[in-house]
Amino acid sequence: MIPQEIHEKLTSRFGDAIPEARLEGVHDPFIRVAPGSIRDVALFLRDAEDLRFDALMCLSAVDYTKGKLGVVYHLHSMALGHKITLKVDLTVDAPHCQSVESVWKTANWHEREAYDMIGVVFDGHPDLRRLLMPSDWEGYPLRKDYQVPEYYNGMKVPY
Amino acid sequence: MVESMSVTQGVRVSGEGPRTVPGFWRPLKPEEMVISMGPQHPSTHGVLRLELIVDGEVVVDVIPHIGYLHRCFEKHAEHMTNYQQVIPYCDRMDYVAAMNSDLGYAVACEKLLKITVPERVEYIRVIMAELDRIASHLIAIGTYGLDIGAFTPFLYCFRDREIILDIFEQTCGARLLYNYIWIGGLSHDVQPDFADKVRSFCKIFRPNITELNNLLSYNKIFVERTANVGVLPADVAINYGASGPVLRGSGVKWDLRKNDPYSVYPRFQFEIPVGEGKKGAVGDCWDRYMVRVHEMEQSLNIIEQAVEQIPAGDVQSAIPKRIRPETGDVYMRTETPKGELGYYVVSDGTGSPFRLKVKSPCFVNLSALPAMCRGAMVSDIVAILGSIDIVLGEIDR
């Protein structure tokens, strides 16, 4: 199924939860989804008979600077062979996004990593802990305005 | 152990996020015990810590803890002055198959830049990637035997790997971290006797696979330790996003070189080996192991075809002098020995990536470990972990 058809299906089903899509002139055609609807959209994309997006290839969080954050989902259907990208816009002040862990287990660690590195909070994630950094680390290292702390637990952080 | 003692008291120091996870955040039952395996443990293949919740010898749950080798690859990539400067860092992700890590990054950036590379480069890349796949699988197989208790196959594997490393050393000067595949080309052209050396390796190595099978694959003790252990059903594997031999071991015929091709792979004849459950259930440790053995044969087939067809040309003619992609983002994935390696590159029009996210196959495969380990014996954990073939450099990045 081509991205245009996927977009039409989503807009007819979810309406306002799909604010925007760019399907041409970009490398990977993407559809923007409201952060509060991403789980329902994901579930629909996985279970609809003619979509069957059974694989979440990648989940990335991005700090777009100026207080804007984003989560990018790269989906692929192993059964039908089509791909689509979903993007969710968030802000630094309200970095809350629904978790898709219950849809694709791949998201479990990817969301933990996104939380650890960028500080996106995935509501509904069963075990949202830091993954790569120590559990008592402060701050989100992949934020663009991140400052490396001088000390961690009394130890000097070398650079 | 008394019933009131909880995991949070005994093991966790502090945690963030909601403490409502069913299973692990519950108090321990009186018969349960927590064992920490790693981070310094000979069979975790690096610094990985597993928290095992055991009931006697039976593993109730496994919680992997990663991050001991975290060295901020993604942050470093954002601070480079040039896209090419990221490549040596890519080498250090999957350091036993560095050619494949480089190849993934190079094709992702080439897709972003919309450049095509010369045919000669594509063929040399394929040969290098496949040689490196064999080298990586030889380590996986050798150390897996070591984990199970078979020392000798390890030495046989390293003997054969040595020939591949010699070819790499002759080509680019490095034996482990190559920095060979650049965006748009290669760092060096191959030496005049490259094709002969590769042909001679194929000739030497093919009978050695039979030798390996006789020595290890069909060894009764080895089969007893691996068959019917750590079974991963196909639907669970797909839902976890497992890839590579872990996914194919579960019987799913899925290989990006065929299913989502890149480079010149469509021109070569080869098969996708899958787990068939010959010694036990489909998707057990033996199947995952055997997929790797068969993949080495298929890699040899690809190499033998490619080495006869290398066209002439300049391997550096397409390397851009100045890399400034347009604003945009691209996700590109390639099939490495461990599975699907993806690079998500975001460009803001400057000379370095705005954001570079790596989807590491080992990271995702390791996240499926608890699904394979529940109900296994403690000694099986070593067999299951070895069959996933993880490299911590790539998991922690």
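This is a predicted model, so every value here is computed, not measured. So you know, we letter chains A, B, ... as the sequences are listed, proteins then strands, and number each from 1.
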Check whether any side-chain heavy atom of B:Asp260 sits under 4.5 Å from a side-chain heavy atom of A:Lys83, and report yes or no. yes
Gap between atom CE of A:Met57 and atom OG of A:Ser77 - 0.5 Å precision: 10.5 Å
Scored by heavy-atom pairs under 4.5 Å with chain B, the best of A:Val103, A:Asp116, A:Leu142 is A:Leu142
Within the structure provided, determine whether A:Arg46 and B:Asn239 are in side-chain contact (heavy-atom separation under 4.5 Å). yes
Is A:Asp28 salt-bridged to B:Lys111, cutoff N-O under 4.0 Å? yes
Using the rule given for salt bridge (Lys or Arg N to Asp or Glu O under 4.0 Å), can you reason through B:Arg333 versus B:Glu340, listing the C-alpha separation, both sets of side-chain angles and the distance that settles it, and then say yes or no? CA-CA 6 Å; B:Arg333 52 184 187 164; B:Glu340 175 186 322; 3.2 Å; yes
For B:Val364, which atoms come within 4.5 Å of any heavy atom of chain A: side chain, backbone, both, or neither? side chain
The interface call for B:Val252 against chain A, heavy-atom contacts under 4.5 Å, is side chain
One thing to verify: whether A:Lys87 and A:Asp89 come together as a salt bridge, which I'm taking to mean a side-chain N less than 4.0 angstrom from a carboxylate O. no
Between A:Asp63 and chain B, which part of the residue has a heavy atom less than 4.5 Å away: side chain, backbone, both or neither? backbone
Can you confirm whether A:Lys144 is buried at NZ, in the sense that more than 12 heavy atoms of other residues, nucleotides or ligands lie under 6.0 Å from that atom? yes
Can you tell which of B:Gly67, B:Ala368, B:Gly241, B:Ser367 has the highest number of heavy-atom pairs within less than 4.5 Å of chain A? B:Ser367
Which bit of B:Tyr68 comes within less than 4.5 Å of chain A, counting heavy atoms only: side chain, backbone, both or neither? neither
By a 4.5 Å heavy-atom criterion (distance strictly below it), what part of A:Arg143 contacts chain B: side chain, backbone, both, or neither? backbone
Would you mind checking which part of A:Asp54 comes under 4.5 Å of any heavy atom in chain B, side chain (CB onward), backbone (N, CA, C, O), both or neither? both
Checking heavy atoms, do the side chain of A:Leu56, its backbone, both or neither come under 4.5 Å from chain B? neither
B:Met332 versus B:Leu112: any side-chain heavy-atom pair under 4.5 Å? no
Flag the pair B:Tyr343 / B:Thr334 as yes when at least one side-chain heavy-atom distance between them is below 4.5 Å, and no otherwise. no
Given that the side chain runs from C-beta out, which part of A:Tyr64 has a heavy atom under 4.5 Å from chain B: side chain, backbone, both or neither? both
So for A:His76, is it side chain, backbone, both, or neither that comes closer than 4.5 Å to the heavy atoms of chain B? side chain
Please rank B:Arg397, B:Lys75, B:Glu326 by heavy-atom pairs under 4.5 Å with chain A and give me the top one. B:Lys75
The interface call for B:Leu356 against chain A, heavy-atom contacts under 4.5 Å, is neither
Please classify the contact of A:Val72 with chain B as side chain, backbone, both or neither, using a heavy-atom distance under 4.5 Å. side chain
When the 4.5 angstrom heavy-atom criterion is applied to B:Tyr331 and chain A, the contacting part is both
Would you mind reporting whether A:Glu5 and A:Asp50 have side-chain heavy atoms less than 4.5 Å apart? no
